[in-house]
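These notes concern the structure reproduced below.
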Amino acid sequence: MAGLRRSHGCGELRPEDKDREVTLMGWVHRRRDHGGLIFIDLRDRSGLVQVVCDPEAGAAFQKAEGIRSEYVVAVTGRVRLRPQGTVNPKLPTGAVEVAARQLRLLNRAKTPPFYIEDDIDVDEALRLRYRYLDLRRPEMQRIMQLRYRTTRAIRAFLDRRGFWEMETPMLTRSTPEGARDFLVPSRLRAGEFFALPQSPQLFKQILMVAGMERYFQIVRCFRDEDLRADRQPEFTQLDIEMSFVQRDDILSLVEELMAAVFQETLGVEMALPLPRLTYQEAIARYGSDKPDLRFGLEIVDVSDLVRGCGFKVFAGAVAGGGVVRGLCAPGCADFSRRELDELTHFAGQYGARGLAWMAITTEGVRSPIAKFFSPQELEDLVTRMGGRQGDLLLFVAGTAAVAATALGALRLELGRRLHLYDEDRLAFTWVTEFPLLEYSPEEKRYVAVHHPFTMPVEADWPLLDSEPLKVRAQAYDLVLNGVELGGGSIRIHRRDIQEKMFSLLGFTPAEAREKFGFLLEAFEYGTPPHGGIAFGLDRMVMLMARRETIRDCIAFPKTQSGTCLLTAAPSPVTPEQLLELHLKITARPAGKAGGAGEA
RNA sequence: GGAGCCGUGGUGUAGUGGUCUAACAUGUCGGCCUGUCACGCCGAAGAUCGCGGGUUCAACUCCCGUCGGCUCCGCCA
């Protein structure tokens, strides 16, 4: 390396650089050896450029003969326009090439186990094991850059709005409610544990008590639950909290934040304000609290129309307090028996006992259940559903919850199958007025839908005693294309309401003090009204980068079984380490018969 | 905790009970080649078919288990 200094990025060179003497450093993407002439595609973070090694270059040519893929080299040479007819329009640098004068091998490389290029078709496990090679691929580098530009835009925006970025502890206290904690044993206090934060929730509220007024943090959070394409045990949140605000202050701040971020990173102009749906509306119309608004295909309630009809499944569902709801699948009247069976099976996975269908054909309604309805009833159904000739009506009868879940899932499935939406669209929506509580049959008590510090809607305070399940929360989610991007709430800052909330959740005052005492004590010293929100940054980047999984947006993600294939974590530790931590392993390590542990 | 899909040279696939002494592409290695850019041409090496057990005269192929990866349900305030 002595004396050599990189002058340009490979991808930067253009015809304007003609005759310039440049020094490039990067990886050998490909070598094309024509015997008397060797081409090297040299790649770095900025892109790719063709280097030409001519026998006249002497030593450089000889070295080029020994070069292999992914070797790290430095090239010094002159930029020149490519000869007529050899321009490569597929490359941004395709009009130029670098005539190598000097070539220096900086490092050799083993042959990589897969191609370092976009659109590879290779087992993801292999990509994760060699993540440093996977990340060399331009598409992965673009995603990592997008992620950086996103956090940079977030910081710039929030800074302009007077927010302070603050840090909160990673070693903290295990609290009840919510996900399973990752625990960290304390060496200094035998038998006691820290927990890694599921979110900085309690700290950020205490920061409001502390008078910070406007806080944000881009912070790692940990939840020891099973993984999914969009869920990792450690993930990154954009966490925001503000004092002296009401719900709409937060919603409009976030809308402007999103508009700024999407404009700066993707050049997308967002129309504000964003649509708002109440939870009730979202469930009724889309069967989901995170509806995909890129397409319509709304759920229609027909319970009143079929109340007295001759089809017992429908009439019975309504009589039993349930509902009959349906979807109008456009142009699907010609679905085959097999396709209908598939849809029925699909709906069945979400609890639907069956799926009734009516095809609207030139000869009228064709359906196995048509005979149970009068012509007038059929006409009313078709009208209510907005059905036109060639459409297929699909109905689910059951409880409101089952009908919503099954039809909501069916709606998404039909949207995919029928290509009802534009992949490029970004359909944001707020979902507001979530229920405050839900009943947990397992725990035989109410649990907080959002968290125990969420403020109920003021108009519903009287219902806290009489009908707690009807109380709405001042909680909100931001949804993009059917994915929950983030959620938050206005917090309880009044002691009487907080006590009420704890008692509804089944905590005695003593239990509440034991579990959240530090927070409740802080709240006694002058708590400002406050509220906030938190976003899943990985999901946000996933949607912006149009990926199917957040693993593609995290440099070093875990597999579905929660392991890291690169480092082979987690791993056993030495008996000495365990001893220091006052721990004794009682189970054998998973999948390793005869392992280190003892029963 | 449950359901489903996948596992064959380095990589991606084909092969679904015997002719498999495992095929194809790509990569790798060697030779030739002065305008290629997924360079081309010639040649070579490279796989006990994830692992263990079973059925069978015979297993890459069927069965059971197990390991690993992925998708989903449960779970994720």
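Heavy-atom basis, side chains included; hydrogens, waters and symmetry copies ignored. What you see is a predicted model, and the numbers here were worked out from it, not measured in a lab. Letters A, B, ... are given to chains in the order of the sequence lines, protein chains preceding strands, and every chain is numbered from 1.
Stacking is found between A:His34 and the pyrimidine-like six-membered ring of the B:rC39 base under the 5.5 Å centre-distance and 30° plane-angle cut-offs. A distance cut-off of 5.5 Å between ring centres, combined with a plane angle under 30°, leaves A:Phe114 outside any stacking arrangement with the base of B:rU11.
A:Val122 comes within contact range of the sugar-phosphate backbone alone, with a heavy-atom separation under 4.0 Å but no base atom that close. A:Gln560 comes within 4.0 angstrom of a nucleotide base, judged by non-hydrogen atoms across all strands. Counting any heavy atom pair closer than 4.0 Å across all strands shown, A:Leu126 reaches sugar-phosphate atoms only and no base atom.
Paired with A:His29 under the rule side chain to side chain donor-acceptor pair (under 3.5 Å), one option of A:Arg43, A:Glu70, A:Gln50 passes, and it is A:Arg43. Exactly one of A:Lys90, A:Arg32, A:Arg31 qualifies for a salt bridge (charged side-chain N to carboxylate O under 4.0 Å, His left out) with A:Asp41. That residue is A:Arg32.
Residues passing the ring pair (Phe, Tyr, Trp, His ring centres under 6.0 Å) test with A:Tyr286: none are found, sequence neighbours excluded.
The stretch residues 225-242 of chain A touches RNA chain B through A:Glu225, A:Asp226, A:Arg228, A:Ala229, A:Arg231, each having a heavy atom within less than 4.0 Å of the strand. For RNA chain B, none of the residues of residues 470-489 of chain A falls under the heavy-atom distance limit of 4.0 Å. Residues from residues 95-103 of chain A with heavy atoms under 4.0 angstrom of RNA chain B, sorted by number: A:Glu97.
Distance, A:Glu117 CD to B:rU11 P: 16 Å, rounded to whole Å. Per the geometry, CZ belonging to A:Phe39 stands 4 Å off C1' belonging to B:rG35, to the nearest Å. For A:Glu56 and B:rU34, the CD to P distance is 13 Å, given to the nearest whole Å. Following rounding to the nearest Å, A:Glu548 (CD) and B:rU71 (P) show an atom-to-atom distance of 10 Å. The CZ-C1' distance, from A:Arg31 to B:rG40, rounds to 14 Å in whole Å. A straight line from CG of A:Asp33 to P of B:rG30 spans 11 Å, rounded to a whole angstrom. Atom pair A:Leu42:CG and B:rC37:P shows a separation of 19 Å (rounding to whole Å applied). Atoms CG (A:Leu133) and P (B:rU11) sit 13 Å apart, rounded to a whole Å.
The 12-atom threshold is not exceeded at CZ of A:Arg108, counting heavy atoms of other residues, nucleotides or ligands nearer than 6.0 Å. Within 6.0 Å of the CZ atom in A:Arg129, the count of heavy atoms belonging to other residues, nucleotides or ligands does not exceed 12. Environment of NZ in A:Lys558: crowded, with over 12 heavy atoms of neighbouring residues, nucleotides or ligands closer than 6.0 Å.
For the pair A:Arg32 and B:rU36, the criterion of a side-chain N or O lying under 4.0 Å from OP1 or OP2 is not met. Within the 4.0 Å cut-off from OP1 or OP2 of B:rG69, at least one side-chain nitrogen or oxygen of A:Ser561 is found. For B:rU28, the OP1/OP2 oxygens have no side-chain nitrogen or oxygen of A:Lys110 closer than 4.0 Å. The phosphate of B:rU71 has OP1 or OP2 within less than 4.0 Å of a side-chain N or O from A:Arg551. At the phosphate of B:rG69, neither OP1 nor OP2 sits under 4.0 Å from any side-chain N or O atom of A:Arg127.
In this structure, the ring of A:Phe39 has its center less than 6.0 angstrom from the ring center of A:His34.
Residues A:Gln201 and A:Gln50 both approach RNA chain B. Their nearest nucleotides, taken by heavy-atom distance, put A:Gln50 toward the 5′ side.
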**side chain to side chain donor-acceptor pair (under 3.5 Å) assessment of A:Glu423 paired with A:Tyr421** = CA-CA 6 Å; A:Glu423 299 276 348; A:Tyr421 52 86; 4.7 Å; no
**Request:** Before giving the answer on side chain to side chain donor-acceptor pair (under 3.5 Å), spell out for A:Gln198 and A:Asp181 the whole-Å C-alpha distance, their side-chain angles and the decisive distance to 0.1 Å.
**Result:** CA-CA 7 Å; A:Gln198 294 179 29; A:Asp181 283 322; 2.7 Å; yes
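Two residues are said to be in side-chain contact when any heavy atoms from C-beta on lie closer than 4.5 Å; A:Cys564 and A:Pro570 fail this criterion. Looking only at side-chain heavy atoms (C-beta outward), A:Arg247 and A:Tyr476 come within less than 4.5 Å of each other.
Taking 3.5 Å as the limit, the base of B:rG35 and the side chain of A:Arg80 contain a donor-acceptor pair of atoms between them.
Under the Watson-Crick and G-U wobble criteria, each requiring two contacts below 3.5 Å, nucleotide B:rC62 is paired to B:rG54. Across all strands shown, B:rG17 forms no Watson-Crick or G-U wobble pair with both distances under 3.5 Å. The partner of B:rU71 is B:rA3, by the rule that a Watson-Crick or G-U pair needs both atom distances under 3.5 Å. When Watson-Crick and G-U wobble pairs are counted only if both distances are under 3.5 Å, B:rA44 pairs with B:rU28. B:rU34 is unpaired under the Watson-Crick or G-U wobble criterion, no partner having all donor-acceptor distances under 3.5 Å.
Comparing B:rC37, B:rU13, B:rC29 by their nearest atom to the side chain of A:Arg82 picks out B:rC37. With B:rC76, B:rC70, B:rG12 as the candidates, the nucleotide lying closest to the side chain of A:Arg223 is B:rC76. If you check B:rC70, B:rG35, B:rC37 against the side chain of A:Leu91, the one that comes closest is B:rC37.
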Tabulated below should be each protein N or O lying under 3.5 Å from an N or O of nucleotides 25-27 of chain B; please produce it.
residue, atom, partner, partner atom, Å
B:rU26, O2', A:Tyr115, OH, 2.1

Extract from the structure each pairing of a protein N or O with an N or O of nucleotides 47-52 of chain B at less than 3.5 Å, listing the distance.
none

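Relative orientation of the A:Phe346 and A:Tyr350 rings is tilted, given thresholds of 30° and 60° on the angle between their planes.
Nucleotides B:rC63 and B:rU26 place their P atoms 34 Å apart, quoted to the nearest Å.
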